[in-house]
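Order of the sequence lines fixes the chain letters, A, B, ..., with proteins taken first and strands second; residue numbering starts at 1 for each chain. The basis for the numbers below is simple: all heavy atoms, side chains too, and nothing from hydrogens, waters or symmetry mates.
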Amino acid sequence: MSHLSEIPPFGAVMIAIFLVIGSTLALIGNLGLVRLRTFYERLHAPTLGTSWGTAATVLASMLTFSFLNGRLLVHELAIGIFIMITTPVAFLLLGRAARRRDPGSGAIMSPDGAPTDDTGAGEESRPEDEPQVTPKAR
Amino acid sequence: MSETVLLWALGYAEIALGLACLLAGWRLLRGPRAHDRVLGMDTLYSNIMLLTLVVGMRSGSSFFFEVAVLIAILGFAATSALAKFLLRGEVIE
């Protein structure tokens with residue numbers, strides 16, 4: 001008999017459902033991180049685990065500690081909100097870095113991995129201070 | 001009854017998140033270029049954060065929550081610093 005048996009059965013079923021949803025979504029996201037072919041496809045896969053994977057696990061943890069303490073505890077919302085805000089920022093920076101480091105900078109990769117003719121001229125393609133450097137670290 | 005359900009769900013979540021950590025580590029080691037490795041590292045950080053939450057639920061102690069907050073903050077700092085380095089060649093200009 002551990003502390004887990006103090007949780008009522010309907011709460012236990014809710015926590016179990018949230019745990020299974022969250023961890024399965026994280027696993028699917030990581031499978032996509034390994035299986036997908038180009039970097040720009042791979043950039044989308046882990047967001048499955050960081051959006052609803054994190055949200056479901058955080059909800060399960062919140063429910064567990066609320067049932068164990070007998071009152072509503074919402075600490076874990078801090079993690080959920082922090083992850084929801086920071087993951088898009090980090091992946092936006094990573095996507096920009098990848099686009100800058102592509103051979104023929106500014107090129108957008110086609111789905112089969114070959115660079116296309118699309119120059120992708122946005123505000124961050126400045127040919128005057130980036131004279132087609134080959135990326136140093138591969 | 002509720003203990004049985006919760007122990008099975010916690011075991012499943014730990015196994016699934018452990019497998020997810022292995023897959024992210026594979027991408028971290030084998031990624032063809034540097035930004036693939038950084039992406040694998042960021043995913044590994046978020047998986048370990050989720051695993052810490054699940055272990056905290058199993059042990060019933062609230063200290064694991066603080067560990068998870070620290071891991072999340074360090075993961076964001078590391079990923080944004082590495083992405084800035086890959087983007088510009090230096091972190092602080």
Side-chain angles (χ1 to χ4, degrees), chain A residues 1-13 15-20 22-24 26-27 29-31 33-34 39 42-43 45-46 49-50 53-54 57-58 60-61 64-65 68 73 75-76 78-79 82-83 86-87 89-98 100-101 135-138, chain B residues 1-10 12-17 19-24 26-27 30-36 38-40 42-44 46-47 49-51 53-54 56-60 62 64-66 68-69 72-73 75-76 78-80 82-89:
Chain A
M1 294 297 278
S2 71
H3 61 95
L4 290 178
S5 52
E6 300 165 14
I7 298 175
F10 72 96
V13 170
I15 292 168
I17 287 173
F18 276 131
L19 265 180
V20 169
S23 52
T24 308
L27 183 57
N30 283 271
L31 268 179
L33 180 69
V34 169
F39 177 77
R42 271 178 232 137
L43 199 55
T50 52
T54 306
T57 312
V58 158
S61 176
T64 306
F65 286 106
L68 284 183
L73 286 180
H75 301 130
E76 277 85 357
I79 292 185
F82 184 78
I83 289 289
T86 56
T87 304
V89 176
F91 282 5
L92 173 74
L93 276 173
L94 259 183
R96 274 196 185 170
R100 172 64 65 92
R101 288 161 53 84
K136 279 172 294 217
R138 275 192 70 88
Chain B
M1 176 258 176
S2 60
E3 189 179 5
T4 315
V5 170
L6 277 178
L7 282 182
W8 275 97
L10 285 172
Y12 172 78
E14 280 164 355
I15 290 173
L17 287 173
L19 270 180
C21 284
L22 282 183
L23 294 175
W26 190 86
R27 181 54 73 194
R30 290 290 302 275
R33 299 191 61 196
H35 38 257
D36 289 297
V38 178
L39 182 64
D42 185 74
T43 316
L44 189 58
S46 66
N47 286 331
M49 194 265 301
L50 292 182
L51 196 55
L53 278 181
V54 172
M57 286 167 65
R58 183 190 280 277
S59 77
S62 65
F64 285 94
F65 161 73
E66 294 157 24
V69 170
I73 292 172
F76 172 64
T79 308
S80 50
L82 281 172
K84 192 78 188 344
F85 176 71
L86 290 181
L87 189 63
R88 303 292 290 175

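Within the 4.5 angstrom heavy-atom criterion, atoms from both the backbone and the side chain of A/A60 approach chain B. For chain A, no part of B/L22 is nearby; none of its heavy atoms comes within less than 4.5 Å. For B/T4, no part lies near chain A; criterion is any non-hydrogen pair under 4.5 Å. Both the backbone and the side chain of A/L31 come within contact range of chain B, each with at least one heavy atom under 4.5 Å from a heavy atom of that chain. Heavy atoms of B/I73 lying under 4.5 Å from chain A belong to its backbone as well as its side chain. For a residue to count as touching a neighbouring chain, one of its non-hydrogen atoms must lie under 4.5 Å from one of that chain's; by this rule A/F91 touches chain B with the side chain only. Of the two parts of B/N47, only the side chain, counted from C-beta on, holds a non-hydrogen atom closer than 4.5 Å to a non-hydrogen atom of chain A. For A/F65, the part lying under 4.5 angstrom from a heavy atom of chain B is the side chain only. Neither the backbone nor the side chain of B/R30 comes within contact range of chain A, judged by heavy atoms closer than 4.5 Å. When heavy atoms are compared at a cutoff of 4.5 Å, B/S80 approaches chain A by way of both its backbone and its side chain. Only the side chain of A/T50 has a heavy atom closer than 4.5 Å to any heavy atom of chain B.
Heavy-atom neighbours of A/F39 CZ from other residues, nucleotides or ligands within 6.0 Å: above the threshold of 12. Heavy atoms of other residues, nucleotides or ligands lying less than 6.0 angstrom from OH of B/Y12 number more than 12.
Here the closest heavy-atom approach between residue A/L33 and residue B/A24 is recorded as CD2-CA, 4.1 Å. Nearest approach of A/L27 to B/A20, heavy atoms of both residues: CD1-N, 3.8 Å. Here the closest non-hydrogen pair linking A/V34 and B/L23 is CG2-O, 3.4 Å. Annotation for A/A16 and B/V5: closest pair CB-CG1, 3.7 Å, computed over non-hydrogen atoms. In this structure, B/M57 and A/L19 approach most closely via the heavy-atom pair CE-CD1, 3.9 Å. Counting all heavy atoms, side chain and backbone alike, A/A12 lies closest to B/S2 at CB-CB, 3.4 Å.
With rounding to the nearest 0.5 Å, the separation of CG in B/L50 from CD1 in A/I83 is 7.5 Å. The line from CG of B/L53 to OG of A/S23 is 12.0 Å long, rounded to the nearest 0.5 Å. The structure places CG of A/N30 at 7.0 Å from OG of B/S46, a figure rounded to the nearest 0.5 Å. Rounded to the nearest 0.5 angstrom, A/L94 CG and B/L82 CG are separated by 8.5 Å. A/H3 contributes atom NE2, which lies 6.0 Å from atom OG of B/S59 (distance to the nearest 0.5 angstrom). Distance NE2/B/H35 to CZ/A/R100: 13.5 Å, rounded to 0.5 Å.
Most heavy-atom pairs under 4.5 Å with chain B: of the set A/L68, A/V58, A/V13, A/T86, this distinction falls to A/T86. Chosen from B/W26, B/W8, B/F65, the residue pairing most often with chain A at heavy-atom distances under 4.5 Å is B/F65. In terms of non-hydrogen atom pairs under 4.5 Å with chain B, the most contact-rich of A/G95, A/S61, A/G53 is A/S61. Chain B forms the most heavy-atom pairs under 4.5 Å with one residue out of A/T64, A/T57, A/I79, and that residue is A/I79. Of the listed residues (B/D42, B/D36, B/V69, B/L10), the greatest number of heavy-atom pairs within a distance under 4.5 Å of chain A belongs to B/D36. Comparing A/I15, A/V89, A/I17, A/T54 by heavy-atom pairs within less than 4.5 Å of chain B, the highest count is held by A/T54.
One N or O on the side chain of B/R33 and one on the backbone of A/R101 form a donor-acceptor pair closer than 3.5 Å.
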